[in-house]
Amino acid sequence: MESHIVSEQEMTNYMSKMRYMVVFPDKKVELFESLRHIQDAICIDYSTISKKLKKDEHTFIAKGTGYIFFIKKLN
């Protein structure tokens, strides 16, 4: 079981590691540390995600499932 964040410093440390936000088709939002972690979760290659984000494109469709995802790089 994951522990909860109980201090501002813990939250700051946690968020400093999170680099990407992904909105799933069921409207669930998750934070990720890397494109490879996103790739494992949504079955879209990390290099494809990287290329589209560099073009300021944020909507992705998974081949095979047709699911639509929104990915945003966090500052």
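Every value quoted in this text rests on a predicted model; they were computed, and no experiment measured them.
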Which pairs would a plain distance check flag for residues 46-54, meaning a side-chain donor or acceptor within less than 3.5 Å of a matching protein atom at least two apart in sequence or in another chain?
unit_1 : atom_1 : unit_2 : atom_2 : d
Tyr46  : OH     : Arg36  : NH2    : 2.9
Ser47  : OG     : Asp45  : OD2    : 2.4
Lys52  : NZ     : Thr59  : O      : 2.6

Taken in chain and number order and not counting sequence neighbours, the residues that satisfy side-chain contact (heavy atoms from CB on, under 4.5 Å) with Leu31 are Tyr14, Met15, Met18, Met21, Leu74
For Lys28, which residues count as a salt bridge (charged side-chain N to carboxylate O under 4.0 Å, His left out) partner, sequence neighbours excluded? Glu30
Members sharing Ile61's hydrophobic cluster, built from side-chain contacts under 4.5 Å between Ile, Leu, Val, Met, Phe, Trp and Tyr, are Ile68
CD of Gln39 to OG of Ser34: how many Å apart, nearest 0.5 Å? 9.0 Å
Applying ring-ring contact (aromatic ring centres under 6.0 Å, His included), which residue pairs with at least one partner in residues 52-75 are found, sequence neighbours left out? Phe24-Phe69, His58-Phe70
Within this structure, what is the CD1-CZ distance for the pair Ile38 and Arg19, rounded to the nearest 0.5 Å? 9.5 Å
When you look at CG of Asn75, are more than 12 heavy atoms from neighbouring residues, nucleotides or ligands closer to it than 6.0 Å? no
To the nearest 0.5 Å, what is the distance between CZ (Phe32) and NE2 (His37)? 9.0 Å
Measuring from Asp56:CG to Lys72:NZ, what's the distance to the nearest 0.5 Å? 6.5 Å
Side-chain heavy atoms nearer than 4.5 Å, only ILVMFWY residues, links allowed to pass through others: does that put Leu35 and Val29 together? no
Salt bridge (charged side-chain N to carboxylate O under 4.0 Å, His left out) involving Glu10 - partner list, sequence neighbours excluded: none
Looking only at non-hydrogen atoms, find the nearest pair between Ala62 and Ile42 and report the distance. CB-O, 3.9 Å
